[in-house]
**Q** 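Here it is: the structure, laid out below.
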There are 2 protein chains.
Amino acid sequence: MLSQKTRYAIRAMQHLADKYGQGPIPLTDIAETQNIPAKFLTVILSELSRFGIVASQRGKDGGYWLGVPPIDITYGDLIRVMRGSLALVPCASRFAHETCKNCVEEKDCRTRALMLQVRDVTAGLLDGVRLSDPIELVPAAEGLEAPDDVQA
Amino acid sequence: MLSQKTRYAIRAMQHLADKYGQGPIPLTDIAETQNIPAKFLTVILSELSRFGIVASQRGKDGGYWLGVPPIDITYGDLIRVMRGSLALVPCASRFAHETCKNCVEEKDCRTRALMLQVRDVTAGLLDGVRLSDPIELVPAAEGLEAPDDVQA
DNA sequence: TCTATTCTCAAGAGAATAGGTTGACAATGC
DNA sequence: GCATTGTCAACCTATTCTCTTGAGAATAGA
């Protein structure tokens, strides 16, 4: 699962992407329209600005904006910035690889082999979608109607 | 990320799958070869047996075995049993759907739309691999050698 | 210069989750 | 009856999550 913080970060970035080129966007504007606790958002935005993907200015008419054009930021990047990796297990990360504790040897680990495949299809998708891309929305109900052959 | 508990559960199930048809396998056998804390494994196995996918017998020559043939258990099933869902956000689960807190409306949520796609490719993969399937192992080093166009 | 506005940043608080362990008990086979 | 093996509830510690507090510092405009 993505943490609440990561989800907030993604929505905040989408908001800034939508308003890219329109000057500084005040935190309150993001917080209110995206339904994010304002003070928590300051923590998130300051984290994002340390990575250079958000810029800011203080004082009257200040605010935040993308430090990089939205076409140059993928959803994969965002998740990596916020949680370090796209993978489901530390040993299946291609960039932030870490050996798992209390595991069998990596070369013998079937879980790792499988999770590497999962990471790759996930990355294939998320690294292909940019903050500037339109995303086809899905009606709320459809998430509940699983096809017959799908369990969850 | 999958929790340590989920990873232990997967490895324990793989172990039982490998020895399917060989009678009860003592907990100690699983714990030692899979490097899982024995007492914690009792918690995990009892959880799995509540779902009927593990059976057990007490006393001398007792132990655990799969309650269902390994060909009938997918990795997707295992992850769903252990953590409730394959999805990265509650609102993108097809079986255990839950609306996210502090979010925008689901029908307007781009994050959800994207995470539904991620869920679907993940499920496409994990629901297609069964505990009885051979899994091609990946040498330990390869996880570290990211292709040029891959970032993490 | 004064003031209102807006970001900055370190600390901390409360709750939940993770990752186990303890210990008493129950069944089974010899 | 005794060793073996699973059952189960309760507990524990550390970490992480999700925010909040509160004291600044920069900026623009009056």
Side-chain angles (χ1 to χ4, degrees), chain A residues 1-12 15-16 19 23-32 34-67 82-85 88-90 100-103, chain B residues 1-12 15-16 23-32 34-67 82-85 88-90 98 100-103:
Chain A
M1 286 277 175
L2 301 181
S3 68
Q4 187 73 297
K5 190 175 175 187
T6 300
R7 292 179 237 167
Y8 287 156
I10 292 172
R11 290 217 307 285
H15 190 87
L16 292 181
K19 305 208 169 186
I25 312 298
L27 184 130
T28 317
D29 182 60
I30 310 174
E32 276 171 11
Q34 297 299 325
N35 198 13
I36 302 172
K39 277 296 197 176
F40 195 25
L41 185 53
T42 68
V43 176
I44 294 165
L45 287 171
S46 99
E47 202 167 320
L48 290 169
S49 75
R50 268 199 292 284
F51 280 91
I53 56 181
V54 159
S56 60
Q57 179 156 31
R58 297 199 254 203
K60 179 126 201 194
D61 298 324
Y64 299 88
W65 61 93
L66 292 187
M82 293 308 291
R83 68 161 207 183
S85 164
L88 288 177
V89 286
C100 297
K101 278 165 198 162
N102 276 36
C103 199
Chain B
M1 285 277 174
L2 301 181
S3 67
Q4 188 73 296
K5 190 175 174 187
T6 300
R7 293 179 236 168
Y8 287 158
I10 293 173
R11 290 217 308 284
H15 190 89
L16 292 181
I25 313 296
L27 184 129
T28 317
D29 182 61
I30 310 174
E32 277 171 11
Q34 298 298 325
N35 198 13
I36 302 172
K39 277 295 195 175
F40 194 26
L41 185 53
T42 68
V43 176
I44 294 165
L45 287 170
S46 98
E47 203 167 321
L48 290 169
S49 76
R50 267 198 293 282
F51 280 90
I53 56 182
V54 159
S56 60
Q57 179 154 32
R58 298 199 253 203
K60 178 123 207 205
D61 297 324
Y64 299 88
W65 61 94
L66 292 187
M82 293 307 291
R83 68 162 207 181
S85 165
L88 288 177
V89 286
E98 241 177 287
C100 297
K101 278 164 197 163
N102 275 37
C103 199

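All values derive from a computational prediction rather than experimental measurement. Reminder, nothing fancy here: chain letters follow the sequence lines and each chain counts from 1.
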**Q** Of all the choices, D/dT18, C/dT28, D/dA28, which nucleotide is nearest to the side chain of A/Gln57 once you look at every atom?
**A**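 Closest nucleotide among those given: D/dA28.
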**Q** Quick one: B/Leu41 CG to C/dG19 P, roughly how many Å, whole number?
**A**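 The answer, rounded to whole Å, is 15 Å.
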**Q** Among D/dG6, D/dT4, D/dA28, which nucleotide has an atom closest to any side-chain atom of B/Leu27?
**A**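 Selected nucleotide (nearest to the side chain): D/dG6.
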**Q** Would you indicate which nucleotide in C/dC7, D/dC19, D/dA28 comes nearest to any side-chain atom of A/Pro26?
**A**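 Of the options given, the side chain of A/Pro26 lies nearest C/dC7.
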**Q** For the pair made of NZ in B/Lys5 and P in C/dT21, what is the distance, rounded to whole Å?
**A**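 After rounding, the reported distance stands at 13 Å.
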**Q** Specify the separation, in whole Å, of atom CZ of B/Arg50 and atom C1' of D/dG6.
**A**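 B/Arg50 atom CZ is separated from D/dG6 atom C1' by 14 Å.
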**Q** Classify the nucleic acid contact of B/Ser46 as base, sugar-phosphate or nothing, counting any heavy atom under 4.0 Å across all strands shown.
**A**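 Nothing, no nucleic acid heavy atom in range.
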**Q** Rounded to the Å, how far apart are A/Phe40 CZ and C/dG12 C1'?
**A**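 About 14 Å, once rounded to whole Å.
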**Q** Check the pair B/Glu47, B/Val54 against side chain to side chain contact (heavy atoms under 4.5 Å, CB included), reporting the backbone distance first and the verdict last.
**A** CA-CA 9 Å; B/Glu47 203 167 321; B/Val54 159; over 6 Å; no
**Q** I need the CD-P distance between A/Gln4 and D/dT20, as an integer number of Å.
**A**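 Atom CD in A/Gln4 sits about 12 Å away from atom P in D/dT20.
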**Q** Would you say A/Tyr8 and A/Asn35 are linked by a side-chain donor-acceptor pair, where the criterion is simply a distance under 3.5 Å?
**A**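 Note: A/Asn35 and A/Tyr8 side chains miss the donor-acceptor criterion.
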**Q** Using atom CG of A/Leu48 as one end and atom P of C/dC9 as the other, report the distance to the nearest whole Å.
**A**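 A/Leu48 atom CG is separated from C/dC9 atom P by 14 Å.
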**Q** Which one, C/dA27, C/dG20, C/dC7, comes nearest to the side chain of A/Arg58?
**A**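 Of the candidates, C/dC7 comes closest.
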**Q** Which of these, B/Ile10, B/Asp29, B/Ile36, sits in a side-chain contact (heavy atoms from CB on, under 4.5 Å) with B/His15?
**A**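 Exactly one pass, corresponding to B/Asp29.
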**Q** Does A/Lys39 or A/Thr6 map to a spot on DNA chain D nearer the 5' end, using the closest nucleotide for each?
**A**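 On the 5' side of the pair lies A/Thr6.
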**Q** Given D/dC19, is OP1 or OP2 found less than 4.0 Å from the side-chain N or O atoms of A/Tyr8?
**A**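 Affirmative; the distance criterion is met.
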**Q** Between C/dC7, C/dC9, D/dC8, which one does the side chain of B/Thr42 approach most closely?
**A**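 So the nucleotide nearest the side chain must be D/dC8.
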**Q** Starting at the 5' end of DNA chain D, which residue's closest nucleotide do you reach first, A/Ala38 or B/Ser49?
**A**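 Final value for this comparison: B/Ser49.
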**Q** Strictly by modelled atom types, are B/Thr6 and B/Ser3 linked by a side-chain donor-acceptor pair under 3.5 Å?
**A**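 Side-chain D/A pair, B/Thr6 to B/Ser3: present.
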**Q** Of the candidate nucleotides D/dG6, C/dT28, C/dG20, which contains the atom at the shortest distance from the side chain of B/Pro37?
**A**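 Of D/dG6, C/dT28, C/dG20, C/dG20 is nearest to the side chain of B/Pro37.
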**Q** Which part of the nucleic acid, if any, lies within reach of A/Ser56 when heavy atoms closer than 4.0 Å are counted: base, sugar-phosphate only, or nothing?
**A**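 Sugar-phosphate contact only - A/Ser56 comes under 4.0 Å of backbone atoms but never of a base.
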**Q** Does B/Leu45 reach a base, just sugar-phosphate, or nothing at all? Heavy atoms under 4.0 Å.
**A**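 The residue B/Leu45 makes no contact with any strand.
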**Q** Should the heavy atoms of other residues, nucleotides or ligands under 6.0 Å from CD of B/Glu98 be counted, would the total exceed 12?
**A**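 No.
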**Q** Could you check which of C/dT28, D/dA28, C/dT21 has an atom nearest any side-chain atom of B/Lys60?
**A**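 Between C/dT28, D/dA28, C/dT21, the one nearest the side chain of B/Lys60 would be C/dT28.
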**Q** Counting only side-chain nitrogens and oxygens, does B/Tyr64 get under 4.0 Å of the OP1 or OP2 atom of D/dT7?
**A**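 Answer yes for this pair, as a side-chain N or O of B/Tyr64 is under 4.0 Å from OP1 or OP2.
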**Q** What is the distance from CG of A/Leu2 to C1' of D/dT16, rounded to the nearest Å?
**A**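 Checked: the CG to C1' distance equals 16 Å.
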**Q** Hey, is the main chain of A/Leu2 close enough, under 3.5 Å, to the side chain of A/Arg7 for a donor-acceptor pair?
**A**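 Judged by distance alone, yes, a pair lies under 3.5 Å.
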**Q** In whole angstrom, give the distance that lies between atom CE of A/Met82 and atom P of D/dT18.
**A**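 My rounded result for the distance is 10 Å.
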